[in-house]
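See structure below.
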2 protein chains.
Amino acid sequence: MFQFSKKVEYALIAIRHMTVGHRGQIYTTKEISDKYQLPYELLAKIMQKLVKQHFILSYQGVNGGYVLSRNPAEIRVSEVINAIEGKSAVTIVACEAGTPDDCNIHTTCTIKNPLIKLQTNINKVLDELTVLEMFS
Amino acid sequence: MFQFSKKVEYALIAIRHMTVGHRGQIYTTKEISDKYQLPYELLAKIMQKLVKQHFILSYQGVNGGYVLSRNPAEIRVSEVINAIEGKSAVTIVACEAGTPDDCNIHTTCTIKNPLIKLQTNINKVLDELTVLEMFS
DNA sequence: GTTAAATAAGACTCATTTAGTCCGAGTTCA
DNA sequence: TGAACTCGGACTAAATGAGTCTTATTTAAC
């Protein structure tokens with residue numbers, strides 16, 4: 001628990017990698033997977049997700065690849081997590097019952113609200129940290 | 001990712017339950033599992049772990065059960081997590097390589113230190129929150 | 001002493017999630 | 001036309017998490 005998934009890790013590595021060159025430089029999945037010894041196919045999927053969420057642009061065909069399309073100073077770690085995991089991945093408490101009636105322990109379930117407070121705090125941490133800050 | 005395990009959730013529920021009565025009151029696993037509809041056997045294991053980590057005392061035999069042995073105002077959420085998961089469960093970054101040589105991406109692995117920073121922040125949140133605070 | 005109510009603890013199964021692979025396609029440049 | 005790329009679904013495998021089963025031990029009450 002409380003551990004980044006490989007996917008998120010690889011996404012962060014890839015984004016970080018793309019921040020080192022000059023703006024507009026094209027990077028291929030192969031190049032990145034080779035350099036950091038990441039599984040090519042898996043990284044390829046991650047790159048596709050980053051494209052869909054507009055973190056990077058893709059160019060197909062020979063000499064194609066990916067270009068960072070956002071300023072790393074404006075990319076929040078929480079955004080990357082959400083882009084990769086596809087959901088709000090930081091859900092401390094499993095109980096998502098909207099009303100007490102939905103909750104099988106509702107008569108005395110006082111655990112939910114406190115955990116949500118905690119969750120808010122952690123979200124804040126992930127939300128305030130940009131990718132640029134993280135790598136500096 | 002970033003979600004409490006059921007075990008931790010159940011542990012928090014159990015500890016919270018034991019804070020409501022008067023000091024020294026004995027609670028049984030059955031009583032708690034019944035009240036909150038938790039799997040008895042699983043909760044039993046959790047109670048045993050809480051005993052080993054001295055959160056609660058156990059009394060065996062008929063009329064036995066568990067008694068809270070620590071002040072809930074002094075129990076940190078992080079302590080409960082560690083007691084149940086048995087390790088430092090908040091390890092954002094999987095790379096635990098001590099030296100660059102252990103790390104297969106060491107030549108350019110700049111991701112580790114930043115993530116450790118993040119991890120420290122989150123640990124702080126879990127560390128500063130007591131069980132009592134969480135339920136008030 | 002026997003029984004019933006409780007904890008103790010390991011081994012086991014089942015389900016879910018995560019990680020990684022495979023394969024066939026589409027795109028573009030030379 | 002072929003090589004170097006991205007795209008994307010289906011699939012398998014590994015790891016983890018959740019829950020169950022079983023047997024033993026302790027203790028109070030009858």
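Throughout, protein chains are lettered first and strands after them, A, B, ... in sequence-line order, and every chain is numbered starting at 1. What you see below is based on every heavy atom in this structure, not just the backbone, and it leaves out hydrogens, waters and symmetry mates.
- Residues in residues 65-79 of chain B take part in these side chain to side chain donor-acceptor pair (under 3.5 Å) pairs, two or more places apart or across chains: B/Arg70-B/Glu79, B/Ser78-B/Asp127.
- The side chain of B/Thr29 places an N or O atom within less than 4.0 Å of a non-bridging phosphate oxygen (OP1 or OP2) of C/dT7.
- At D/dT6, one or more side-chain N or O atoms of A/Tyr40 fall inside 4.0 Å of OP1 or OP2 (strictly under the cut-off).
- In this structure, the CD1 atom of A/Ile13 is 13 Å from the P atom of C/dA19, given to the nearest Å.
- Across the protein-nucleic acid pair, A/Tyr66 atom OH and C/dT27 atom P stand 15 Å apart, rounded to whole Å.
- Nearest heavy atom pair, residue A/Ala11 against residue A/Ile46, reads CB-CG2, 3.7 Å.
- Across the protein-nucleic acid pair, B/Gln3 atom CD and D/dT16 atom C1' stand 13 Å apart, rounded to whole Å.
- A/Glu41 places its CD atom 12 Å from the P atom of C/dG20, with the value rounded to the nearest Å.
- Taking atom CG of B/Leu42 as the reference point, atom P of C/dC14 lies 17 Å away to the nearest angstrom.
- Between the NZ atom of A/Lys30 and the C1' atom of D/dA3 there is a distance of 14 Å, rounded to whole Å.
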Using side chain to side chain contact (heavy atoms under 4.5 Å, CB included), reason through A/Ile84 and A/Leu50 one step at a time and then give a plain yes or no. CA-CA 7 Å; A/Ile84 298 301; A/Leu50 292 177; 4.0 Å; yes
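- Per the geometry, NZ belonging to B/Lys49 stands 14 Å off P belonging to D/dG19, to the nearest Å.
- One finds no side-chain N or O of B/Tyr59 lying less than 4.0 angstrom from the OP1 or OP2 phosphate oxygen of D/dT25.
- Close to C/dT18, at under 4.0 Å from its OP1 or OP2, lies no side-chain N or O of A/Tyr10.
- By the 4.5 Å heavy-atom criterion applied to side chains, B/Tyr10 and B/Ser5 are not counted as neighbours.
- Comparing A/Tyr27 and A/Val62 along DNA chain D, the residue whose closest nucleotide (by nearest heavy atom) sits nearer the 5' end is A/Val62.
- Contact annotation for A/Lys45: base contact, defined as any heavy-atom pair under 4.0 Å involving a base atom.
- The separation between B/Glu9 atom CD and D/dG19 atom P is 10 Å, rounded to whole Å.
- Here the side chains of A/Met47 and A/Ile56 are in contact, with some heavy-atom distance below 4.5 Å.
- Proximity note for B/Gln60 (side chain, C-beta onward) versus D/dT20, D/dT27, D/dC7: the nearest is D/dT27.
- Looking at heavy atoms from C-beta onward, B/Ile75 lies out of side-chain contact with B/Leu132 at the 4.5 angstrom threshold.
- Using a 3.5 Å distance cut-off with no hydrogens or angles, the side chains of B/Tyr27 and B/His17 do not pair a donor with an acceptor.
- Of the residues in residues 50-58 of chain B, those placing a heavy atom less than 4.0 Å from an atom of DNA chain C are B/Lys52, B/Ser58, in numerical order.
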